[in-house]
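Everything below concerns the one structure shown next.
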Amino acid sequence: MIGTPSLVASATVESVLLVLKIAFVVLLYLVIWRILRAATREAKPGYGGVGQESMILSPLEARRLLANATLLPAGKLVVSDSPTLEPGSLRSIGNVPMTIGRANENDLVLPGDQFASTLHARLDPRPDGVWLEDVGSTNGTFVNSILLTGAVRLEPGDLVRVGETEFRFEP
C-alpha cells in the first residue's frame with residue numbers, strides 16, 4: 001500500500017506535464033497563426049495596410065517595365081581625346097547599362113585603342129545618376145585622373161579615361 005500513492009502521484013505529474021505540453025504547442029500555433037494573419041492583412045490593400053510590391057523583379061518583369069517606361073537619356077560622353085574616335089563626337093548613354101572596351105560585343109567600342117581591354121568598364125544609369133565601374137581591365141579606368149577602385153557616380157564635367165581614350169561626361 002505504501003507504493004500505491006507514489007504511483008498515483010507519478011501518474012498525475014505525467015498527466016499534468018502532458019497537458020502542459022499540448023497546451024504549449026497549441027498556444028505556439030495560435031501565436032504563429034496570428035502573426036501570419038496580421039502580416040497578410042497589412043500587405044493587402046483595403047485592409048488598412050498600404051500594400052507593398054516586391055523589390056525583386058524577374059528579368060521578364062524588368063524588361064516589361066523598361067519597355068513601358070518613358071525615361072530620358074541618362075547623359076552623354078563627349079570624346080575629348082582618342083586615338084580612334086573623333087574628338088567632339090558624342091556617345092549617348094541610354095537607360096540600360098552599357099559596356100566600354102575594345103571588343104565588338106561592347107556597347108561603346110574602342111577598336112584601335114591598344115590600352116583599352118576587350119571588356120574595360122561599365123556605365124550603369126540609375127535613378128540617382130550614372131555610375132561608372134572598372135570591370136577588371138588591365139590598365140584601369142580613371143575619373144578625373146583618379147584610378148577607380150569601385151563604382152563611382154559621375155558628375156557633370158567629369159573626365160573619364162578608358163585606355164588612351166578620354167571622355168567628358170555631360171548630363
Side-chain angles (χ1 to χ4, degrees), residues 32-171:
I32 292 171
W33 177 74
R34 294 274 304 190
I35 291 170
L36 290 174
R37 186 172 155 222
T40 56
R41 273 199 174 167
E42 288 178 11
K44 290 181 185 174
Y47 284 99
V50 175
Q52 178 177 347
E53 294 183 16
S54 173
M55 293 302 292
I56 301 172
L57 297 175
S58 71
L60 181 62
E61 291 169 327
R63 267 182 264 153
R64 188 176 67 238
L65 284 174
L66 283 174
N68 294 335
T70 56
L71 299 174
L72 298 173
K76 57 188 168 227
L77 295 175
V78 180
V79 179
S80 299
D81 186 31
S82 175
T84 58
L85 302 176
E86 186 170 332
S89 60
L90 301 176
R91 299 292 190 252
S92 290
I93 302 169
N95 294 310
V96 293
M98 63 185 287
T99 57
I100 305 171
R102 204 174 20 164
N104 289 332
E105 293 80 30
N106 290 294
D107 300 302
L108 178 51
V109 181
L110 306 172
D113 192 336
Q114 297 303 313
F115 289 93
S117 296
T118 53
L119 177 59
H120 197 103
R122 174 184 160 115
L123 283 166
D124 190 10
R126 301 178 190 170
D128 61 339
V130 177
W131 291 74
L132 176 69
E133 144 179 58
D134 186 272
V135 289
S137 68
T138 305
N139 295 316
T141 303
F142 295 82
V143 174
N144 299 325
S145 301
I146 299 171
L147 178 66
L148 292 185
T149 56
V152 65
R153 186 168 56 118
L154 295 177
E155 299 293 333
D158 278 349
L159 296 176
V160 176
R161 190 177 57 166
V162 175
E164 288 186 304
T165 303
E166 187 172 72
F167 301 97
R168 184 179 67 254
F169 174 71
E170 293 182 0

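Start at 1 with the first residue, then count along the sequence. Note that the coordinates shown come from a computational prediction; the quantities given were computed from them, not determined experimentally.
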Between the side chain of N139 and the main-chain N/O of G163, is any donor-acceptor distance below 3.5 Å? no
Are the side chains of N106 and I100 in contact, using a 4.5 Å heavy-atom criterion? no
With no hydrogens and no angle check, just 3.5 Å: does a side-chain donor-acceptor pair link S82 and T165? yes
Distance check, rounded to the nearest 0.5 Å: D158 atom CG versus F169 atom CZ? 8.0 Å
Quick check: do V78 and F167 have side-chain heavy atoms less than 4.5 Å from each other? no
Indicate yes or no: at least one non-hydrogen side-chain atom of L123 is less than 4.5 angstrom from one of L154. yes
Assess whether atom CZ of F142 is packed by more than 12 heavy atoms of other residues, nucleotides or ligands within 6.0 Å. yes
N144 side chain to I146 backbone, donor-acceptor under 3.5 Å: no
Who passes salt bridge (Lys or Arg N to Asp or Glu O under 4.0 Å) against E155, sequence neighbours left out? R153
Using modelled atom types and a 3.5 Å cut-off, is there a donor and acceptor pairing between side-chain atoms of S117 and backbone atoms of T138? yes
Begin with the C-alpha distance, continue with both residues' side-chain angles, and end with the deciding distance and a verdict on side-chain contact (heavy atoms from CB on, under 4.5 Å) for Q114 and R102. CA-CA 8 Å; Q114 297 303 313; R102 204 174 20 164; 3.8 Å; yes
Is there a side-chain contact between M98 and I93, using heavy atoms and a 4.5 Å cut-off? yes
If every non-hydrogen atom of G112 is compared with every non-hydrogen atom of T84, which pair is closest and at what distance? CA-CG2, 3.0 Å
Are the side chain of D113 and the backbone N or O of L110 linked by a donor-acceptor pair below 3.5 Å? no
Write down the atom of G140, the atom of L147, and the distance for their closest heavy-atom approach. CA-CD1, 3.7 Å
Within the structure provided, determine whether T141 and R161 are in side-chain contact (heavy-atom separation under 4.5 Å). no
For D107 versus P97, what's the shortest heavy-atom pair and its separation? OD2-O, 3.9 Å
Which atoms form the tightest heavy-atom contact between P87 and S80, and what is the distance? CB-O, 3.8 Å
What residue among T118, V109, L119, L108 forms side-chain contact (heavy atoms from CB on, under 4.5 Å) with T99? L119
When you measure from the side chain of S137 to the backbone N and O of D134, does any donor-acceptor pair fall under 3.5 Å? no
side-chain contact (heavy atoms from CB on, under 4.5 Å) between L132 and V143: does it pass, once the steps are laid out? CA-CA 9 Å; L132 176 69; V143 174; 3.6 Å; yes
